[in-house]
Amino acid sequence: MGNKRGRFSGRLGFVAAAAGSAVGLGNIWRFPYETGENGGAAFLLIYLICTIIIGLPVMLGEIAVGRKSQMDAYGSYRNLGNKNWGMVGAFGIICGIMILSFYNVVAGWAFGYFIQIVFDGLLVEGKGNYGNYFNSYVADFWDNLIFSFVFMVLTAFIVIRGIKAGIETASKVLMPLLFVILITLIVYALTLDNAMEGVKFYLLPDFSAVNASTIYSALGQAFFSLSLGMGALITYGSYLKKKENLFKAAAVVTLADVSVAFLAGLLIFPLVFSQGQEPTAGPGLVFVALPTIFEQMGPLMGRIVGGSFFLLLCFAALTSTISLLEVPVAYLVDERKLKRKKVVFGLAALVFVIGLPSMLSAGAVDFFTNFMHYEGKNKSFLDVISDLFSEVGLVFGGFMLTLFITFKWKTKKMTKELSEGNPGYAKSILKSLVNFSITVLSPIILGVIFVITVLQKFFGVSLF
Ligand code: PHE
(Lines give C-alpha, C1' and ligand atoms only; values in the text may rest on other atoms or scores of the structure.)
Protein backbone atom coordinates (compact mmCIF):
# COMPACT_ATOMS: atom_id res chain seq x y z
CA MET A 1 0.00 0.00 0.00
CA GLY A 2 2.74 2.43 1.00
CA ASN A 3 4.35 2.59 -2.42
CA LYS A 4 1.08 3.31 -4.22
CA ARG A 5 0.64 6.64 -2.47
CA GLY A 6 1.90 9.80 -4.13
CA ARG A 7 5.04 11.60 -2.99
CA PHE A 8 6.58 15.01 -3.22
CA SER A 9 9.87 14.99 -5.10
CA GLY A 10 11.68 16.37 -2.09
CA ARG A 11 11.77 19.18 0.41
CA LEU A 12 11.38 21.89 -2.18
CA GLY A 13 8.30 20.25 -3.59
CA PHE A 14 6.78 19.88 -0.16
CA VAL A 15 7.67 23.43 0.84
CA ALA A 16 6.18 24.84 -2.36
CA ALA A 17 2.98 22.86 -1.90
CA ALA A 18 2.64 23.57 1.82
CA ALA A 19 3.46 27.26 1.33
CA GLY A 20 0.98 27.22 -1.55
CA SER A 21 -1.62 25.84 0.81
CA ALA A 22 -0.80 28.40 3.47
CA VAL A 23 -0.59 31.43 1.22
CA GLY A 24 -4.00 32.19 -0.17
CA LEU A 25 -7.07 34.32 0.27
CA GLY A 26 -6.33 34.16 3.99
CA ASN A 27 -3.26 36.33 3.48
CA ILE A 28 -4.34 38.73 0.78
CA TRP A 29 -8.09 39.00 1.30
CA ARG A 30 -8.76 38.10 4.91
CA PHE A 31 -5.65 39.29 6.74
CA PRO A 32 -5.92 42.95 5.67
CA TYR A 33 -9.59 43.26 6.52
CA GLU A 34 -9.17 41.47 9.87
CA THR A 35 -6.28 43.80 10.65
CA GLY A 36 -8.37 46.79 9.57
CA GLU A 37 -11.33 45.76 11.72
CA ASN A 38 -9.19 44.98 14.72
CA GLY A 39 -7.23 48.17 15.06
CA GLY A 40 -4.16 47.74 12.82
CA ALA A 41 -0.69 47.32 14.24
CA ALA A 42 -1.70 45.80 17.59
CA PHE A 43 -3.50 43.04 15.72
CA LEU A 44 -0.50 42.48 13.47
CA LEU A 45 1.73 42.07 16.50
CA ILE A 46 -0.56 39.62 18.29
CA TYR A 47 -0.98 37.66 15.07
CA LEU A 48 2.81 37.39 14.69
CA ILE A 49 3.23 36.22 18.27
CA CYS A 50 0.48 33.60 17.85
CA THR A 51 2.14 32.38 14.67
CA ILE A 52 5.53 31.90 16.27
CA ILE A 53 4.69 30.53 19.70
CA ILE A 54 1.68 28.40 18.71
CA GLY A 55 1.40 28.17 14.91
CA LEU A 56 4.89 26.92 14.14
CA PRO A 57 4.96 24.22 16.86
CA VAL A 58 1.48 23.00 15.88
CA MET A 59 2.59 22.90 12.26
CA LEU A 60 5.59 20.78 13.22
CA GLY A 61 3.30 18.49 15.16
CA GLU A 62 0.97 18.03 12.19
CA ILE A 63 3.75 17.35 9.71
CA ALA A 64 5.42 14.90 12.10
CA VAL A 65 2.17 13.01 12.66
CA GLY A 66 1.56 12.81 8.92
CA ARG A 67 5.04 11.71 7.96
CA LYS A 68 5.20 9.14 10.73
CA SER A 69 1.93 7.47 9.80
CA GLN A 70 2.05 7.97 6.01
CA MET A 71 -1.73 8.19 5.99
CA ASP A 72 -4.61 10.63 5.57
CA ALA A 73 -5.79 12.77 8.52
CA TYR A 74 -8.25 10.22 9.91
CA GLY A 75 -5.90 7.30 9.35
CA SER A 76 -3.02 9.12 11.03
CA TYR A 77 -4.90 9.77 14.26
CA ARG A 78 -6.26 6.24 14.26
CA ASN A 79 -2.94 4.65 13.46
CA LEU A 80 -0.86 6.50 16.02
CA GLY A 81 -3.74 6.68 18.51
CA ASN A 82 -6.94 4.67 18.19
CA LYS A 83 -10.39 4.78 16.63
CA ASN A 84 -11.63 7.47 19.02
CA TRP A 85 -8.73 9.73 18.19
CA GLY A 86 -9.57 9.07 14.58
CA MET A 87 -12.64 11.23 15.21
CA VAL A 88 -10.36 14.25 15.55
CA GLY A 89 -9.05 13.54 12.06
CA ALA A 90 -12.60 13.07 10.80
CA PHE A 91 -13.59 16.41 12.32
CA GLY A 92 -10.70 18.03 10.45
CA ILE A 93 -11.84 16.47 7.19
CA ILE A 94 -15.32 17.92 7.72
CA CYS A 95 -13.81 21.33 8.47
CA GLY A 96 -11.86 21.10 5.22
CA ILE A 97 -15.01 20.38 3.22
CA MET A 98 -16.94 23.21 4.85
CA ILE A 99 -14.09 25.72 4.52
CA LEU A 100 -13.64 24.84 0.87
CA SER A 101 -17.38 25.36 0.27
CA PHE A 102 -17.17 29.08 1.08
CA TYR A 103 -13.52 29.61 0.16
CA ASN A 104 -14.34 28.60 -3.37
CA VAL A 105 -17.04 31.27 -3.50
CA VAL A 106 -14.60 34.02 -2.55
CA ALA A 107 -12.06 32.59 -5.00
CA GLY A 108 -14.84 32.91 -7.59
CA TRP A 109 -15.12 36.63 -6.77
CA ALA A 110 -11.39 37.06 -7.39
CA PHE A 111 -11.66 35.12 -10.62
CA GLY A 112 -14.64 37.21 -11.72
CA TYR A 113 -12.72 40.41 -10.95
CA PHE A 114 -9.83 39.19 -13.05
CA ILE A 115 -12.10 38.49 -16.02
CA GLN A 116 -14.06 41.72 -15.67
CA ILE A 117 -11.00 43.92 -15.31
CA VAL A 118 -9.22 42.44 -18.30
CA PHE A 119 -12.06 41.64 -20.67
CA ASP A 120 -14.87 43.80 -19.45
CA GLY A 121 -15.33 47.30 -18.19
CA LEU A 122 -14.91 46.93 -14.41
CA LEU A 123 -12.58 49.91 -14.19
CA VAL A 124 -15.03 52.03 -16.16
CA GLU A 125 -18.33 50.86 -14.72
CA GLY A 126 -17.14 50.91 -11.14
CA LYS A 127 -15.45 54.29 -11.52
CA GLY A 128 -15.73 56.43 -8.44
CA ASN A 129 -17.64 53.87 -6.44
CA TYR A 130 -16.07 50.47 -6.25
CA GLY A 131 -17.95 49.82 -3.02
CA ASN A 132 -21.27 49.80 -4.85
CA TYR A 133 -19.76 47.83 -7.68
CA PHE A 134 -18.56 45.15 -5.27
CA ASN A 135 -21.90 44.94 -3.46
CA SER A 136 -23.89 44.45 -6.60
CA TYR A 137 -21.27 42.11 -8.04
CA VAL A 138 -21.36 39.64 -5.15
CA ALA A 139 -25.16 39.83 -5.02
CA ASP A 140 -25.39 38.50 -8.58
CA PHE A 141 -26.17 34.82 -8.38
CA TRP A 142 -25.11 33.90 -11.92
CA ASP A 143 -21.70 35.54 -11.67
CA ASN A 144 -21.11 33.72 -8.43
CA LEU A 145 -22.30 30.45 -9.83
CA ILE A 146 -20.27 30.50 -13.02
CA PHE A 147 -16.98 31.74 -11.61
CA SER A 148 -16.97 29.52 -8.58
CA PHE A 149 -17.94 26.58 -10.76
CA VAL A 150 -14.96 27.19 -13.02
CA PHE A 151 -12.73 27.52 -9.99
CA MET A 152 -13.88 24.23 -8.56
CA VAL A 153 -13.28 22.50 -11.88
CA LEU A 154 -9.72 23.87 -12.05
CA THR A 155 -9.09 22.69 -8.50
CA ALA A 156 -10.39 19.23 -9.33
CA PHE A 157 -8.21 18.90 -12.42
CA ILE A 158 -5.03 19.69 -10.51
CA VAL A 159 -5.91 17.33 -7.67
CA ILE A 160 -6.65 14.53 -10.13
CA ARG A 161 -3.15 14.81 -11.55
CA GLY A 162 -1.87 13.84 -8.14
CA ILE A 163 0.82 15.00 -5.80
CA LYS A 164 3.91 15.58 -7.89
CA ALA A 165 2.59 16.44 -11.36
CA GLY A 166 -0.42 18.40 -10.10
CA ILE A 167 -0.03 19.97 -6.71
CA GLU A 168 3.74 20.36 -6.65
CA THR A 169 4.20 21.68 -10.17
CA ALA A 170 1.39 24.22 -9.90
CA SER A 171 2.77 25.57 -6.63
CA LYS A 172 6.38 25.83 -7.78
CA VAL A 173 5.43 28.11 -10.65
CA LEU A 174 2.72 30.18 -9.01
CA MET A 175 4.29 31.03 -5.68
CA PRO A 176 7.33 33.00 -6.89
CA LEU A 177 5.19 34.99 -9.33
CA LEU A 178 3.00 36.12 -6.50
CA PHE A 179 5.89 37.66 -4.59
CA VAL A 180 7.08 39.63 -7.59
CA ILE A 181 3.74 41.24 -8.34
CA LEU A 182 3.04 42.05 -4.70
CA ILE A 183 6.32 43.87 -4.29
CA THR A 184 5.85 45.82 -7.49
CA LEU A 185 2.42 47.02 -6.37
CA ILE A 186 3.69 48.00 -2.93
CA VAL A 187 6.39 50.19 -4.40
CA TYR A 188 3.72 51.96 -6.40
CA ALA A 189 1.28 52.28 -3.48
CA LEU A 190 3.88 53.81 -1.19
CA THR A 191 4.39 56.72 -3.55
CA LEU A 192 0.76 57.88 -3.26
CA ASP A 193 -0.32 60.89 -1.18
CA ASN A 194 -1.15 60.04 2.41
CA ALA A 195 0.29 56.56 2.02
CA MET A 196 2.28 57.10 5.23
CA GLU A 197 -0.93 57.44 7.25
CA GLY A 198 -1.70 53.90 6.19
CA VAL A 199 1.77 52.72 7.11
CA LYS A 200 1.38 54.27 10.57
CA PHE A 201 -1.99 52.60 11.12
CA TYR A 202 -0.42 49.32 10.10
CA LEU A 203 2.85 49.54 12.00
CA LEU A 204 2.36 51.71 15.11
CA PRO A 205 0.39 49.72 17.67
CA ASP A 206 -2.43 51.22 19.70
CA PHE A 207 -2.96 48.76 22.51
CA SER A 208 -6.06 50.49 23.80
CA ALA A 209 -7.94 48.81 20.97
CA VAL A 210 -6.99 45.31 22.13
CA ASN A 211 -9.62 43.09 23.78
CA ALA A 212 -10.53 39.41 23.92
CA SER A 213 -11.92 39.47 20.44
CA THR A 214 -8.71 40.93 19.02
CA ILE A 215 -6.82 38.00 20.49
CA TYR A 216 -9.12 35.27 19.24
CA SER A 217 -9.38 36.87 15.83
CA ALA A 218 -5.58 36.97 15.63
CA LEU A 219 -5.26 33.36 16.71
CA GLY A 220 -8.02 32.26 14.34
CA GLN A 221 -6.33 34.15 11.54
CA ALA A 222 -2.96 32.56 12.31
CA PHE A 223 -4.50 29.06 12.15
CA PHE A 224 -6.48 29.75 9.01
CA SER A 225 -3.56 31.35 7.28
CA LEU A 226 -1.09 28.59 8.14
CA SER A 227 -3.64 25.93 7.09
CA LEU A 228 -3.54 24.39 10.57
CA GLY A 229 -6.04 22.48 12.66
CA MET A 230 -7.76 20.38 10.01
CA GLY A 231 -5.13 17.94 8.85
CA ALA A 232 -4.00 19.64 5.64
CA LEU A 233 -0.41 19.43 6.84
CA ILE A 234 -0.88 15.94 8.21
CA THR A 235 -1.94 14.95 4.71
CA TYR A 236 0.88 16.81 2.96
CA GLY A 237 3.37 15.53 5.56
CA SER A 238 2.32 11.99 4.71
CA TYR A 239 3.69 12.48 1.19
CA LEU A 240 7.16 13.36 2.51
CA LYS A 241 10.21 11.15 2.60
CA LYS A 242 11.98 10.29 5.82
CA LYS A 243 15.19 12.10 5.01
CA GLU A 244 13.69 15.57 4.89
CA ASN A 245 14.39 18.09 7.64
CA LEU A 246 10.92 18.96 8.91
CA PHE A 247 11.91 21.90 11.07
CA LYS A 248 13.51 23.70 8.17
CA ALA A 249 10.52 22.96 5.95
CA ALA A 250 8.02 24.25 8.53
CA ALA A 251 10.10 27.36 9.19
CA VAL A 252 10.22 28.25 5.50
CA VAL A 253 6.48 27.68 5.08
CA THR A 254 5.70 29.88 8.07
CA LEU A 255 8.03 32.58 6.87
CA ALA A 256 6.51 32.58 3.38
CA ASP A 257 3.02 32.76 4.83
CA VAL A 258 3.78 35.59 7.22
CA SER A 259 5.68 37.54 4.57
CA VAL A 260 2.83 37.45 2.09
CA ALA A 261 0.30 38.52 4.74
CA PHE A 262 2.62 41.28 5.89
CA LEU A 263 3.16 42.49 2.35
CA ALA A 264 -0.56 42.39 1.58
CA GLY A 265 -1.11 44.76 4.52
CA LEU A 266 1.68 46.98 3.34
CA LEU A 267 -0.08 47.23 0.00
CA ILE A 268 -3.65 47.69 1.18
CA PHE A 269 -3.38 50.20 4.04
CA PRO A 270 -1.43 52.87 2.17
CA LEU A 271 -4.03 52.54 -0.61
CA VAL A 272 -6.97 52.75 1.72
CA PHE A 273 -5.63 55.84 3.48
CA SER A 274 -4.51 57.55 0.31
CA GLN A 275 -8.08 57.32 -0.94
CA GLY A 276 -9.64 58.40 2.33
CA GLN A 277 -11.40 55.05 2.69
CA GLU A 278 -12.11 53.28 5.99
CA PRO A 279 -9.81 50.38 6.98
CA THR A 280 -12.79 48.78 8.73
CA ALA A 281 -14.70 48.01 5.53
CA GLY A 282 -14.69 44.23 6.15
CA PRO A 283 -14.61 41.48 3.53
CA GLY A 284 -14.91 43.90 0.59
CA LEU A 285 -11.66 45.67 1.50
CA VAL A 286 -9.31 44.42 -1.23
CA PHE A 287 -12.06 44.35 -3.82
CA VAL A 288 -12.82 48.01 -3.17
CA ALA A 289 -9.42 49.51 -2.36
CA LEU A 290 -7.45 48.02 -5.23
CA PRO A 291 -9.49 48.88 -8.32
CA THR A 292 -9.08 52.56 -7.53
CA ILE A 293 -5.33 52.46 -8.11
CA PHE A 294 -5.72 50.29 -11.13
CA GLU A 295 -8.06 52.89 -12.54
CA GLN A 296 -5.58 55.69 -11.84
CA MET A 297 -2.96 53.83 -13.83
CA GLY A 298 -4.91 54.49 -17.01
CA PRO A 299 -7.00 52.12 -19.12
CA LEU A 300 -4.19 49.98 -20.51
CA MET A 301 -1.85 49.80 -17.51
CA GLY A 302 -4.83 49.41 -15.21
CA ARG A 303 -5.93 46.35 -17.09
CA ILE A 304 -2.47 44.86 -17.16
CA VAL A 305 -1.55 45.48 -13.54
CA GLY A 306 -5.06 44.97 -12.16
CA GLY A 307 -5.51 41.87 -14.25
CA SER A 308 -2.20 40.42 -13.05
CA PHE A 309 -3.04 41.15 -9.46
CA PHE A 310 -6.38 39.35 -9.50
CA LEU A 311 -4.92 36.53 -11.56
CA LEU A 312 -2.26 36.01 -8.93
CA LEU A 313 -4.84 36.18 -6.19
CA CYS A 314 -6.57 33.35 -8.05
CA PHE A 315 -3.32 31.38 -8.20
CA ALA A 316 -2.75 31.87 -4.50
CA ALA A 317 -6.31 30.70 -3.85
CA LEU A 318 -5.88 27.74 -6.18
CA THR A 319 -2.88 26.32 -4.36
CA SER A 320 -5.02 26.53 -1.20
CA THR A 321 -8.20 25.02 -2.65
CA ILE A 322 -6.20 22.05 -3.91
CA SER A 323 -4.93 21.41 -0.39
CA LEU A 324 -8.43 21.75 1.05
CA LEU A 325 -9.75 19.22 -1.46
CA GLU A 326 -6.78 16.87 -1.04
CA VAL A 327 -7.64 16.25 2.64
CA PRO A 328 -11.00 14.47 2.05
CA VAL A 329 -9.64 12.95 -1.18
CA ALA A 330 -6.72 11.37 0.69
CA TYR A 331 -9.15 10.00 3.25
CA LEU A 332 -11.34 8.26 0.67
CA VAL A 333 -8.37 7.01 -1.35
CA ASP A 334 -6.42 5.71 1.65
CA GLU A 335 -9.24 4.38 3.81
CA ARG A 336 -11.89 3.35 1.35
CA LYS A 337 -9.51 2.36 -1.42
CA LEU A 338 -11.52 4.31 -3.99
CA LYS A 339 -10.16 5.58 -7.30
CA ARG A 340 -8.63 9.02 -7.09
CA LYS A 341 -10.42 10.35 -10.15
CA LYS A 342 -13.89 9.32 -9.03
CA VAL A 343 -13.31 10.62 -5.54
CA VAL A 344 -12.10 13.99 -6.77
CA PHE A 345 -15.09 14.60 -9.02
CA GLY A 346 -17.57 13.34 -6.45
CA LEU A 347 -16.17 15.51 -3.70
CA ALA A 348 -15.81 18.59 -5.89
CA ALA A 349 -19.48 18.29 -6.84
CA LEU A 350 -20.52 17.80 -3.24
CA VAL A 351 -18.53 20.77 -2.00
CA PHE A 352 -19.90 22.93 -4.77
CA VAL A 353 -23.46 22.11 -3.75
CA ILE A 354 -22.72 22.76 -0.08
CA GLY A 355 -21.38 26.14 -1.22
CA LEU A 356 -24.61 27.21 -2.91
CA PRO A 357 -26.14 28.93 0.13
CA SER A 358 -22.83 30.81 0.62
CA MET A 359 -23.06 32.00 -2.96
CA LEU A 360 -26.52 33.34 -2.27
CA SER A 361 -25.56 34.98 0.98
CA ALA A 362 -23.89 38.19 -0.22
CA GLY A 363 -27.10 39.95 -1.14
CA ALA A 364 -28.75 37.57 -3.61
CA VAL A 365 -31.19 36.03 -1.13
CA ASP A 366 -32.14 37.86 2.04
CA PHE A 367 -32.64 34.69 4.09
CA PHE A 368 -29.01 33.66 3.58
CA THR A 369 -27.66 37.21 3.65
CA ASN A 370 -29.09 37.90 7.11
CA PHE A 371 -28.89 34.33 8.24
CA MET A 372 -28.18 34.83 11.96
CA HIS A 373 -27.55 37.55 14.44
CA TYR A 374 -24.70 37.43 16.96
CA GLU A 375 -21.74 39.53 18.10
CA GLY A 376 -24.09 42.47 17.61
CA LYS A 377 -24.23 42.00 13.84
CA ASN A 378 -26.24 40.28 11.18
CA LYS A 379 -24.25 37.39 9.83
CA SER A 380 -24.58 35.87 6.39
CA PHE A 381 -24.55 32.14 5.79
CA LEU A 382 -20.96 32.49 4.57
CA ASP A 383 -19.99 34.33 7.77
CA VAL A 384 -21.55 31.64 9.93
CA ILE A 385 -19.79 28.78 8.13
CA SER A 386 -16.54 30.68 8.26
CA ASP A 387 -16.91 31.43 11.99
CA LEU A 388 -17.88 27.87 12.85
CA PHE A 389 -15.37 25.96 10.79
CA SER A 390 -12.45 28.25 10.23
CA GLU A 391 -12.33 30.40 13.34
CA VAL A 392 -13.70 27.99 15.95
CA GLY A 393 -13.12 24.66 14.18
CA LEU A 394 -9.44 25.13 13.40
CA VAL A 395 -8.57 26.36 16.88
CA PHE A 396 -10.38 23.34 18.29
CA GLY A 397 -8.52 21.05 15.87
CA GLY A 398 -5.20 22.56 16.94
CA PHE A 399 -6.13 22.13 20.59
CA MET A 400 -6.95 18.45 20.04
CA LEU A 401 -3.66 17.92 18.18
CA THR A 402 -1.68 19.24 21.15
CA LEU A 403 -3.63 16.93 23.51
CA PHE A 404 -3.06 14.04 21.14
CA ILE A 405 0.68 14.55 21.07
CA THR A 406 0.92 15.24 24.80
CA PHE A 407 -1.21 12.38 26.13
CA LYS A 408 -1.41 9.76 23.43
CA TRP A 409 1.38 9.80 20.88
CA LYS A 410 3.85 11.47 23.30
CA THR A 411 6.41 14.17 22.60
CA LYS A 412 9.22 11.59 22.71
CA LYS A 413 7.93 10.03 19.53
CA MET A 414 7.40 13.40 17.95
CA THR A 415 11.00 14.32 18.72
CA LYS A 416 12.13 11.05 17.20
CA GLU A 417 10.19 11.78 14.01
CA LEU A 418 11.51 15.34 13.84
CA SER A 419 15.06 14.03 14.25
CA GLU A 420 14.82 12.02 11.03
CA GLY A 421 16.66 14.16 8.53
CA ASN A 422 17.73 16.49 11.36
CA PRO A 423 20.06 14.53 13.67
CA GLY A 424 20.90 17.45 15.96
CA TYR A 425 17.25 18.21 16.76
CA ALA A 426 16.82 16.03 19.86
CA LYS A 427 19.63 17.84 21.67
CA SER A 428 18.77 21.33 20.57
CA ILE A 429 17.09 24.09 22.52
CA LEU A 430 14.50 24.20 19.75
CA LYS A 431 13.27 20.81 20.81
CA SER A 432 12.65 22.01 24.36
CA LEU A 433 10.84 25.11 23.12
CA VAL A 434 8.67 23.14 20.72
CA ASN A 435 7.79 20.59 23.38
CA PHE A 436 6.99 23.28 25.91
CA SER A 437 4.65 24.89 23.44
CA ILE A 438 2.95 21.63 22.47
CA THR A 439 2.47 20.33 26.00
CA VAL A 440 1.84 23.50 28.01
CA LEU A 441 1.55 26.81 26.24
CA SER A 442 -0.52 25.89 23.17
CA PRO A 443 -3.09 23.64 24.86
CA ILE A 444 -3.75 26.25 27.53
CA ILE A 445 -4.05 29.18 25.15
CA LEU A 446 -5.96 27.27 22.48
CA GLY A 447 -8.31 25.71 25.04
CA VAL A 448 -9.05 29.00 26.77
CA ILE A 449 -9.50 30.91 23.53
CA PHE A 450 -11.73 28.18 22.15
CA VAL A 451 -14.06 28.40 25.16
CA ILE A 452 -14.07 32.21 25.16
CA THR A 453 -14.75 32.35 21.42
CA VAL A 454 -17.69 29.98 21.63
CA LEU A 455 -19.19 31.80 24.62
CA GLN A 456 -18.67 35.22 23.15
CA LYS A 457 -19.73 34.46 19.60
CA PHE A 458 -22.63 32.12 20.04
CA PHE A 459 -23.87 32.69 23.58
CA GLY A 460 -23.48 36.44 23.75
CA VAL A 461 -21.34 36.25 26.92
CA SER A 462 -19.01 39.18 27.07
CA LEU A 463 -15.98 38.40 29.20
CA PHE A 464 -13.83 41.47 28.66
N1 PHE B 1 -4.27 28.89 4.44
C2 PHE B 1 -5.21 29.14 3.41
C3 PHE B 1 -5.24 30.65 3.17
O4 PHE B 1 -4.62 31.39 3.86
C5 PHE B 1 -6.57 28.58 3.72
C6 PHE B 1 -6.56 27.19 4.18
C7 PHE B 1 -6.98 26.87 5.46
C8 PHE B 1 -6.06 26.18 3.36
C9 PHE B 1 -6.95 25.57 5.93
C10 PHE B 1 -6.01 24.86 3.81
C11 PHE B 1 -6.44 24.57 5.09
O12 PHE B 1 -5.91 31.12 2.29
Side-chain angles (χ1 to χ4, degrees), residues 15-35 47 50-51 55-56 58-59 62-63 66 72-73 89 91-111 151 155 158-159 167 170-171 174-175 178 182 217-237 250 253-265 283 286 312-331 347 351 385-398 401:
V15 166
S21 168
V23 174
L25 296 171
N27 308 57
I28 301 170
W29 163 70
R30 185 169 140 155
F31 172 77
Y33 86 74
E34 287 273 352
T35 307
Y47 154 81
C50 290
T51 298
L56 183 58
V58 168
M59 181 184 285
E62 280 203 20
I63 304 176
D72 65 290
F91 174 76
I93 295 170
I94 292 169
C95 282
I97 291 177
M98 298 309 288
I99 292 175
L100 182 55
S101 80
F102 78 82
Y103 196 94
N104 187 58
V105 173
V106 181
W109 299 347
F111 188 46
F151 212 86
T155 305
I158 298 182
V159 176
I167 298 179
S171 310
L174 302 178
M175 291 301 297
L178 180 72
L182 258 182
S217 300
L219 188 67
Q221 173 60 25
F223 264 65
F224 182 76
S225 189
L226 293 168
S227 303
L228 299 177
M230 51 152 277
L233 289 161
I234 296 183
T235 309
Y236 275 14
V253 172
T254 304
L255 189 68
D257 188 59
V258 168
S259 322
V260 175
F262 180 77
L263 292 175
V286 287
L312 284 163
L313 186 55
C314 291
F315 289 160
L318 193 58
T319 50
S320 301
T321 53
I322 55 186
S323 72
L324 284 161
L325 188 57
E326 179 62 25
V327 172
V329 166
Y331 165 72
L347 279 170
V351 173
I385 298 292
S386 160
D387 280 349
L388 271 180
F389 293 97
S390 69
E391 209 140 299
V392 178
L394 298 183
V395 167
F396 177 72
L401 178 91

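Numbering of ligands and ligand atoms starts at 1, following listing order. Only a predicted model underlies this, so the values are computations on that prediction, with no experimental measurement involved. In this chain, numbering begins with 1 at the start of the sequence shown. Computation of the quantities below employed the complete heavy-atom set of this structure, encompassing side-chain atoms and omitting hydrogens, waters and symmetry-equivalent molecules.
A ring-centre distance under 6.0 Å is not found for Phe389 and Phe102.
Among residues two or more places apart in sequence or in another chain, the side chain to side chain donor-acceptor pair (under 3.5 Å) test is passed with Tyr236 by none. Shown here are the side chain to side chain donor-acceptor pair (under 3.5 Å) partners of Ser227, two or more places apart in sequence or in another chain: Ser21. For Thr155, the side chain to side chain donor-acceptor pair (under 3.5 Å) criterion is met by Thr321, not counting sequence neighbours.
Between Leu388 and Met98, every side-chain heavy-atom pair lies at or beyond the 4.5 Å cut-off.
Ser320 places a side-chain N or O within 3.5 Å of a backbone atom of Gly20 that can act as its donor or acceptor partner.
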Inventory of protein N or O atoms under 3.5 Å from ligand 1 N or O:
{"from": "ligand 1", "atom 1": "1 (N)", "to": "Ser21", "atom 2": "O", "distance (Å)": "3.1"}
{"from": "ligand 1", "atom 1": "1 (N)", "to": "Ala22", "atom 2": "O", "distance (Å)": "3.0"}
{"from": "ligand 1", "atom 1": "1 (N)", "to": "Phe224", "atom 2": "O", "distance (Å)": "2.8"}
{"from": "ligand 1", "atom 1": "1 (N)", "to": "Ser225", "atom 2": "O", "distance (Å)": "3.0"}
{"from": "ligand 1", "atom 1": "1 (N)", "to": "Ser227", "atom 2": "OG", "distance (Å)": "3.0"}
{"from": "ligand 1", "atom 1": "4 (O)", "to": "Ala22", "atom 2": "O", "distance (Å)": "2.8"}
{"from": "ligand 1", "atom 1": "4 (O)", "to": "Gly26", "atom 2": "N", "distance (Å)": "3.3"}
{"from": "ligand 1", "atom 1": "4 (O)", "to": "Asn27", "atom 2": "OD1", "distance (Å)": "3.2"}
{"from": "ligand 1", "atom 1": "12 (O)", "to": "Leu25", "atom 2": "N", "distance (Å)": "3.1"}
{"from": "ligand 1", "atom 1": "12 (O)", "to": "Gly26", "atom 2": "N", "distance (Å)": "2.8"}
{"from": "ligand 1", "atom 1": "12 (O)", "to": "Tyr103", "atom 2": "OH", "distance (Å)": "2.5"}

